[in-house]
Amino acid sequence: MTSSSAAARKNLSKIACNRLQKELVEWQVNPPTGFKHKVTDNLQRWVVEVTGAPGTLYANETYQLQVDFPENYPMEAPQVLLLSLSYINLYRLLVFSDVILLLSTVLQVIFLHPAPLHPHIYSNGHICLDILYDSWSPAMTVSSICISILSMLSSSTTKQRPEDNDRYVKNCRNGRSPKETRWWFHDDKV
C-alpha cells in the first residue's frame, strides 16, 4: 500500500476488535456451509472462499470474498470484495502494485471481471443486494453477509445480466462506487 492508502485505513477500535474476535471464534466453531476462512494475521482483513451451492446454477463455482473492516465496525459496514478465483492472481498483482485501492468505511461488494452472470450482478461487478447498502445493521455478521450472497446466487433461475446493465455500467465509468447508487430493491424473486 502507498502511504496515502495506509493513512486512509485506521486501526480498529477496541469494540471492533472484540466483535471480530468473537465472530472469528464463532466461525471456527460453526462455519457457514460452503465457506472457508483463510487464516491470516490481519484481523482487519478476512479472506473467505465461497463455493456455489450444489444443485444451483453456480454449483462448484468458486470465488473469494475479501472483507475489510472499518475502524468502527459493526456500526459501520465492512467493505466486501468478491473475486473470481481465475482472477485472484491478477487482483493480487494489482493490489501489490497499488493500482487498486479498496479502502472504505462502507460495505461494498464488487465482483471483478468477469462477474458472474446474475440478474442482480452488473458486468462491472456491482451487486444489487439491499443488506449491502440501505439495510445494513450492526447486528449483521460476516457469516450473515456470506449467507446472503450465497442465497442470492442460489435462488437465481437464470444466468443473465440485469436488464439495465449497459445503461448502469455506462453511468458508473470513472470508478463510481456502488454506494453512490440509489438502488431500487424491487425484485425479491431472484
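Sequential numbering from 1 along the given sequence is applied to the chain's residues.
Tracing side-chain contacts under 4.5 Å through hydrophobic residues (I, L, V, M, F, W, Y), one never reaches Ile147 starting from Leu153; they form parts of separate clusters. Under the 4.5 Å side-chain heavy-atom criterion for grouping Ile, Leu, Val, Met, Phe, Trp and Tyr, Trp46 is connected to Phe35 within one hydrophobic cluster.
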Does the side chain to side chain contact (heavy atoms under 4.5 Å, CB included) test come out yes or no for Gln160 and Asn165, once each step is laid out? CA-CA 10 Å; Gln160 67 182 33; Asn165 182 73; over 6 Å; no
Is there a side chain to side chain contact (heavy atoms under 4.5 Å, CB included) between Leu57 and His118 once you walk through the steps? CA-CA 10 Å; Leu57 293 176; His118 187 280; over 6 Å; no
Residue pair Gln28, Leu24: steps toward the side chain to side chain contact (heavy atoms under 4.5 Å, CB included) verdict: CA-CA 6 Å; Gln28 292 167 340; Leu24 186 56; 3.9 Å; yes
If you apply the rule salt bridge (Lys or Arg N to Asp or Glu O under 4.0 Å), what do you find for Glu23 with Arg19, and how did you get there? CA-CA 6 Å; Glu23 284 191 46; Arg19 168 69 179 263; 2.8 Å; yes
Working note: Phe69 + Leu43, criterion side chain to side chain contact (heavy atoms under 4.5 Å, CB included); need CA distance, chi angles, decisive distance, verdict. CA-CA 8 Å; Phe69 298 94; Leu43 188 61; over 6 Å; no
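For the pair Met152/Ile121, a side-chain contact is recorded, criterion being any heavy-atom separation below 4.5 Å from C-beta on. Under the 4.5 Å side-chain criterion, counting only non-hydrogen atoms from C-beta, Leu129 is not in contact with His120. Looking at heavy atoms from C-beta onward, Leu20 lies in side-chain contact with Leu12 at the 4.5 angstrom threshold. Under the 4.5 Å side-chain criterion, counting only non-hydrogen atoms from C-beta, Lys36 is not in contact with Val48. No side-chain heavy atom of Thr40 sits under 4.5 Å from any side-chain heavy atom of Arg45. The shortest side-chain heavy-atom distance between Thr141 and Trp27 does not fall under the 4.5 Å cut-off.
With sequence neighbours excluded, the residues forming a side-chain contact (heavy atoms from CB on, under 4.5 Å) with Ser137 are Ala139, Met140, listed by chain and number. Not counting sequence neighbours, Asp130 has no partner by the salt bridge (charged side-chain N to carboxylate O under 4.0 Å, His left out) test. In terms of the side-chain contact (heavy atoms from CB on, under 4.5 Å) criterion, residue partners of Glu61 (sequence neighbours excluded) are, by chain and number, Tyr58, Tyr63, Lys159.
The main-chain N or O of Arg167 is found under 3.5 Å from a side-chain atom of Asn171 such that the two form a donor-acceptor pair.
Note: Ser155 OG to Leu150 CG = 9.5 Å, rounded to the nearest 0.5 Å. Going from atom NZ of Lys170 over to atom CG of Asp164 covers 13.5 Å, rounded to the nearest 0.5 Å. Atoms CG and OG, on Asn30 and Ser143 in that order, are 8.0 Å from each other to the nearest 0.5 Å. Once rounded to the nearest 0.5 Å, the distance linking NZ of Lys22 with SG of Cys17 reads 15.0 Å.
Taking all atoms of both residues into account, the shortest heavy-atom contact from Pro162 to Pro119 is CG-O, 3.1 Å. Pairing each heavy atom of Gln44 with each of Asn11, the nearest pair is OE1-CA, 4.3 Å. The shortest heavy-atom contact between Ser144 and Ile131 is O-CD1, 4.4 Å.
Trp136 and Tyr73 have tilted rings, their planes meeting at an angle from 30° to 60° on a 0 to 90° scale.
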